[in-house]
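Numbered from 1 within each chain, the chains take letters A, B, ... in sequence-line order. Source: prediction; values computed, not measured.
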Protein chains: 2
Amino acid sequence: MARVETGRVRRPAAARREQILAVAADAFAVAGFRGTSLAEVAQKVGVSQPGLLHHFDSKESLILAVLQQRDLQDEQHVEAQFQGVEVTTREWLMAFCRRNETQPGLVRLFTVQSAESLNPAHPAHDFFYQRNQRVRERIARLIVADQEKGRLSPSLDPAATAAELVSLMNGLQLQWLRDPATDMCGLFETSLLRLEAVPGTKA
Amino acid sequence: MARVETGRVRRPAAARREQILAVAADAFAVAGFRGTSLAEVAQKVGVSQPGLLHHFDSKESLILAVLQQRDLQDEQHVEAQFQGVEVTTREWLMAFCRRNETQPGLVRLFTVQSAESLNPAHPAHDFFYQRNQRVRERIARLIVADQEKGRLSPSLDPAATAAELVSLMNGLQLQWLRDPATDMCGLFETSLLRLEAVPGTKA
DNA sequence: GTCTATAAAATGATAGAC
DNA sequence: GTCTATCATTTTATAGAC
C-alpha cells in the first residue's frame with residue numbers, strides 16, 4: 001500500500017538554507033526588515049513558516065545570515081580580480097561600481113538595510129557600523145598608496161577623502177535605485193577623475 | 001457637585017495636530033514607517049490611539065502629512081535666506097548642509113524614509129520620487145547660472161553634476177548619522193570647491 | 001476632542017507528530 | 001526536515017459614549 005501523499009519536499013539542510021537566504025535577501029531588499037514577514041518568505045520558498053524557522057532560529061538570525069553571506073560574496077568577488085596586482089583607488093572603486101550595476105537586488109538590500117539599521121534596535125546596527133569603518137579604512141589605504149606613487153595629490157586627506165567617496169558611492173546607489181536612468185558608474189568615474197586632477201604631485 | 005475627573009486634556013484641533021506631527025516625525029525618523037506603531041506615537045503624545053486617529057484618518061495620511069510639513073518648512077527656511085539675492089551653487093547647497101547639521105532628527109527622518117520609500121508599496125514612494133526630481137532640477141539651474149557667470153566650467157553637464165551633488169549630499173547625511181564624528185559640511189565644501197576648480201571658464 | 005471597547009488581521013515563535 | 005496546531009502579542013481601524 002502506497003504512502004499517503006504529504007506534499008512535502010524534503011531537501012538537504014544546506015541546500016534549503018541557501019534557498020531561504022536567496023529568497024529572504026530579495027524580500028528584505030524590497031520591504032526592509034520590519035516590512036518583511038517570515039510567512040511571506042516561507043511561502044516563496046515553498047515551505048511552512050515553522051519549517052523555515054527550523055533552519056534559522058529567529059528572524060534576527062535570518063537577516064544577519066543574509067547580510068553576512070552577501071557581504072562576503074561581494075568582497076571576495078572584487079578582491080579576487082586584483083589578486084596580487086597593483087590597483088589604483090579608481091580602479092578598485094569602479095570595479096565595485098560596475099559589479100553593483102549588474103546586481104540591483106544586492107544594492108537595494110544593502111541600501112535599504114543600511115538606512116534601516118541606523119536604529120540602534122535594528123539587529124544589524126553594529127554590523128553596518130563595522131562594515132562602514134572597514135570600507136573607509138580600505139579606501140584610505142588605497143588613497144595613501146596612490147599618493148605614494150604620485151597618482152593622487154598629497155594634499156588630499158586620506159581618511160576624509162575615503163569618507164567622501166564612500167558617501168558618494170552610497171548616495172549614487174540610492175539615486176540609481178530610485179531612478180534607474182541614473183548613470184551611476186559614469187557619474188562616479190567623473191568624480192574620481194576630478195579627484196585625480198587635483199593639483200600638487202608633491203612639492 | 002463637581003464633575004467626574006476624566007483625565008482628558010482637550011485641545012484645539014490645530015494645536016493637537018501640530019503636536020502629533022512633531023512626535024510622529026521623531027518616531028518615524030528612528031524606527032521607520034513600518035517600525036513605528038500608532039499606539040507608540042499616541043502614548044508619547046499623551047492621547048489614546050483612537051484619539052490620534054481622530055486627527056489623521058490613517059497611518060498613511062500621518063506619514064504623508066509629516067513629510068510634507070517638514071519638507072515645506074525646510075525649503076522655505078533656506079530659500080528665504082536668499083530672497084532676491086544672487087546665490088552660487090555652493091552657497092545654496094552649503095546653506096542646506098549647515099541647516100541640516102543643526103537638525104539631526106530631520107535629516108534622519110528623510111534619510112530613513114527615503115530608503116524605505118524605494119518600495120513602491122510605501123505610501124511616500126511617489127513623494128520622494130517627485131522631491132528628488134525637483135531638487136535635482138533646482139541644482140541644475142543653479143549650475144547653469146554659475147556657468148553663465150563664469151563661476152563654473154562650461155564643461156560640466158548641469159543635470160549630471162546635479163545628480164552627483166544630490167547623491168553626495170544624501171550619502172554624507174547617511175555617513176554623518178551613522179558616525180556623528182563625520183564632518184559632513186566640511187567634506188561637502190571640499191568637494192564643491194574641487195568642482196569650482198575644474199578648468200575651462202569658456203573657450 | 002477624547003475615551004473605552006472591540007474587532008479583525010497579521011506576526012514571531014513554540015510544541016509535538018511524522 | 002517538515003508539517004499542523006496553537007499561543008501570545010501587536011497592530012490598524014471602527015463603533016459609539018461623553
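Side chains of A:Gln147 and A:Ser153: a donor-acceptor N/O pair is absent below 3.5 angstrom, by distance only. Using modelled atom types, one finds a donor on one side chain and an acceptor on the other under 3.5 Å when comparing B:Glu116 with B:Gln113. B:Glu18 and B:Gln69 are linked by a side-chain donor-acceptor pair at a separation below 3.5 angstrom, with hydrogens and angles left out of the test.
Side-chain proximity of B:Arg11 to the nucleotides C:dT2, D:dT14, D:dT11 is greatest for C:dT2. Distance from the side chain of A:Ala13 is smallest to D:dG1 among C:dT2, D:dG1, D:dA13.
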If you restrict it to nitrogen or oxygen atoms, what contacts under 3.5 Å exist between nucleotides 4-7 of chain C and the protein, and what is each distance?
none

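Rounding to whole angstrom units, CG of residue A:Leu52 and C1' of C:dT11 are separated by 13 Å. Here D:dT11 presents its P atom at 8 Å from NZ of B:Lys59, a figure rounded to the nearest Å. Look at CD1 on A:Ile20: it is 10 Å from P on D:dG1, rounded to the nearest Å. Taking atom CZ of B:Phe56 as the reference point, atom P of D:dA13 lies 13 Å away to the nearest angstrom. The NE2 atom of B:His55 sits 16 Å away from the P atom of D:dT14 (whole-angstrom rounding). One interatomic measurement links the two molecules: CG of A:Leu53 to C1' of D:dA5, which rounds to 15 Å at whole-angstrom precision.
Residues of residues 36-46 of chain A having a heavy atom closer than 4.0 Å to DNA chain C, listed by number: A:Thr36, A:Ser37, A:Leu38.
You'll find the side chain of A:Leu165 reaches within 4.5 Å of the side chain of A:Leu195, heavy atoms only.
For the side chain to side chain donor-acceptor pair (under 3.5 Å) with B:Arg151, the qualifying choice from B:Thr89, B:Thr88, B:Asp146 is B:Asp146, the only one to do so.
Taking 4.0 angstrom as the limit, B:Arg10 places none of its side-chain polar atoms (N or O) nearer than this to OP1 or OP2 of C:dC3. Contact between the side-chain N/O atoms of A:Arg16 and the OP1/OP2 oxygens of D:dT2 is found at a separation under 4.0 Å. Remark: A:His54 is in phosphate contact with D:dG1, judged by side-chain N or O atoms under 4.0 Å from OP1 or OP2.
Without hydrogens or angle criteria, A:Gln173 side chain to A:Val107 main chain gives no donor-acceptor distance under 3.5 Å. Distance alone, capped at 3.5 Å, is enough to place a donor-acceptor pair between the B:Thr102 side chain and the B:Arg99 backbone.
Across every non-hydrogen atom of B:Val9 and B:Arg16, the tightest pair is O-NH2, 2.9 Å.
The aromatic rings of B:Phe110 and B:Phe128 lie perpendicular to each other, with more than 60° between the two planes, well past the 30° mark.
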